[in-house]
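What follows is a short report on a single structure.
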2 protein chains.
Amino acid sequence: MTLSKMADAGVGAKNKARIMDAAEKAFAQNGFKGTSVQQIADGAGLPKTNVLYYFKSKQDLYLAVLQQTLSLWNSRFDQATAEDDPAEILASYITEKVEMSRTHPVASKIFAMEILNGAPNLNRYFDDEHAKWMASRIAILKAWMDSGKMRRMDPYYLLFHIWSSTQHYADFAVQVTRLRGAKMKKADYQAATQQLIEVILTGCGLTVPEKYRSSI
Amino acid sequence: MTLSKMADAGVGAKNKARIMDAAEKAFAQNGFKGTSVQQIADGAGLPKTNVLYYFKSKQDLYLAVLQQTLSLWNSRFDQATAEDDPAEILASYITEKVEMSRTHPVASKIFAMEILNGAPNLNRYFDDEHAKWMASRIAILKAWMDSGKMRRMDPYYLLFHIWSSTQHYADFAVQVTRLRGAKMKKADYQAATQQLIEVILTGCGLTVPEKYRSSI
DNA sequence: GCCGATCCTGACCATTCAGTCATAGTGCCA
DNA sequence: TGGCACTATGACTGAATGGTCAGGATCGGC
């Protein structure tokens with residue numbers, strides 16, 4: 001069951017989901033311009049006209065896929081407050097992010113590709129939701145630093161650091177696999193997660209919480 | 001002078017470089033399939049046929065650009081030995097990598113795009129040069145760990161960590177700019193570099209060398 | 001001033017592209 | 001049974017695609 005939703009009950013909503021799944025894979029690999037509607041239709045096992053029946057244009061379909069991608073970007077960090085323990089919150093944030101790379105690599109690639117293309121469809125997203133989210137998270141991080149809970153540092157660079165090092169396992173999976181000589185298995189992701197937590201938390205002057213500590 | 005080489009003396013070698021520069025930008029933004037020869041020609045201010053005079057096909061031109069990109073991937077870390085100081089070497093490696101993101105963002109994007117596309121043109125690169133480089137660097141890192149110079153950890157994940165967090169400033173520049181509200185200036189890159197060095201080196205159980213230490 | 005090599009380009013071609021449209025099948029409620 | 005909304009699709013179109021080709025310009029060496 002890789003199909004996106006299957007819900008919506010509607011008769012051909014199943015097809016809509018099937019199309020979006022095929023589109024997601026295609027866009028993630030070849031970008032918007034590099035993907036043809038025909039290619040998506042083939043991937044979904046439907047005639048091209050049927051794709052354009054459900055989505056009135058390629059752009060329309062792409063926006064639907066991008067929207068679906070952004071909706072996955074939630075985490076425990078979203079609800080964190082200044083009273084929380086930064087070590088606990090950041091460790092779980094890193095864990096969630098790597099887990100997202102493992103379970104939804106295609107979504108991560110869609111986002112990466114959109115950014116590389118200059119993010120032409122993310123104006124509103126950056127200016128509205130994302131900017132607000134960012135501002136509030138920066139405030140929490142600063143509060144943690146002010147209260148001496150963690151080392152003082154630039155909170156923007158810290159978030160970029162976490163995003164990049166975790167998403168890398170989705171976006172650059174091909175390189176990771178080729179250089180390691182084998183695909184990352186679940187245990188490998190866990191080991192990578194633990195190492196990221198240890199390095200980043202220690203580097204932030206935090207102690208790794210017991211439950212995130214390596215068993216080695 | 002953004003033109004690639006200008007060397008080679010040849011009469012139209014200047015054009016060849018001009019074409020490669022235009023192609024680099026176009027491919028970095030839209031990928032191989034998403035870029036048209038016409039678009040590259042326009043960027044270079046030449047008729048399309050002239051582009052295909054110098055490079056017999058779009059694929060040919062792309063490979064030339066990719067090759068040029070890979071040739072930039074050198075650093076001080078390449079010559080490091082087990083006798084060197086890991087703190088010094090890794091700090092300079094991180095510095096060089098961020099500096100590469102700052103001065104050659106397009107090259108980094110080309111590489112990222114190629115990986116996202118499934119790296120169809122990097123088979124030989126991964127299997128030959130890159131794999132050898134990787135093996136030798138892994139050996140050095142292990143030697144450092146064995147001699148107690150740095151904390152024991154997985155050297156693969158460490159390298160992925162460094163690559164991702166440094167290249168992020170090129171590949172995701174759009175996002176970085178939008179969320180910070182301003183383009184990264186040289187001083188910003190330096191601050192980001194210093195923070196990366198502090199976090200990663202500390203996380204590796206290393207002491208940040210004097211000359212890489214923040215002035216704050 | 002001639003010649004061959006390099007450089008340059010407009011005209012052209014087969015293919016693929018996103019998207020339209022007219023037509024037809026299907027499910028459902030009255 | 002009729003009717004209507006939804007679903008489906010083959011045939012088509014104009015534009016853009018990568019690439020070819022034949023002919024012409026420009027150059028250095030003799």
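Below, chains carry the letters A, B, ... as their sequence lines are ordered, and counting in each starts from 1.
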Rounded interatomic separation in angstrom, taking [atom1] from [X] and [atom2] from [N]:
{"X": "F55(B)", "N": "dC7(C)", "atom1": "CZ", "atom2": "C1'", "value": "14 Å"}
{"X": "Y53(B)", "N": "dG23(D)", "atom1": "OH", "atom2": "P", "value": "18 Å"}
{"X": "Q59(B)", "N": "dG18(D)", "atom1": "CD", "atom2": "P", "value": "12 Å"}
{"X": "K14(A)", "N": "dG27(C)", "atom1": "NZ", "atom2": "P", "value": "12 Å"}
{"X": "N50(B)", "N": "dT26(D)", "atom1": "CG", "atom2": "C1'", "value": "13 Å"}
{"X": "F32(B)", "N": "dT17(D)", "atom1": "CZ", "atom2": "P", "value": "14 Å"}
{"X": "K48(B)", "N": "dC7(C)", "atom1": "NZ", "atom2": "C1'", "value": "18 Å"}
{"X": "K16(B)", "N": "dT6(C)", "atom1": "NZ", "atom2": "C1'", "value": "13 Å"}

Query raised in the report: Parallel, tilted or perpendicular: which describes the rings of F111(A) and H130(A), with under 30° parallel and over 60° perpendicular?
Result: perpendicular
Requested in this report: Look at the rings of Y93(A) and F77(A) and say which category their plane angle falls in: under 30° parallel, 30 to 60° tilted, over 60° perpendicular.
Outcome: tilted
Requested in this report: Have a look at T49(B) and say if it touches a base, only the backbone sugar-phosphate, or nothing, with a 4.0 Å heavy-atom cut-off.
Outcome: base
Query raised in the report: Among the nucleotides dG19(C), dG18(D), dC8(C), which one has an atom lying closest to any side-chain atom of N15(B)?
Result: dC8(C)
**Report entry** Nucleotide nearest Q38(A) when distance is taken to its side chain, options dG10(C), dC17(C), dG18(D)
**Finding:** dC17(C)
Query raised in the report: Counting just side-chain N and O atoms, does S36(B) come under 4.0 Å of either OP1 or OP2 of dT17(D)?
Result: yes
Requested in this report: Give the intermediate values and the outcome of side-chain contact (heavy atoms from CB on, under 4.5 Å) for residues I115(A) and L122(A).
Outcome: CA-CA 9 Å; I115(A) 303 284; L122(A) 290 178; 4.3 Å; yes
Query raised in the report: Would Q59(B) and N121(B) count as having a side-chain donor-acceptor pair, cut-off 3.5 Å?
Result: yes
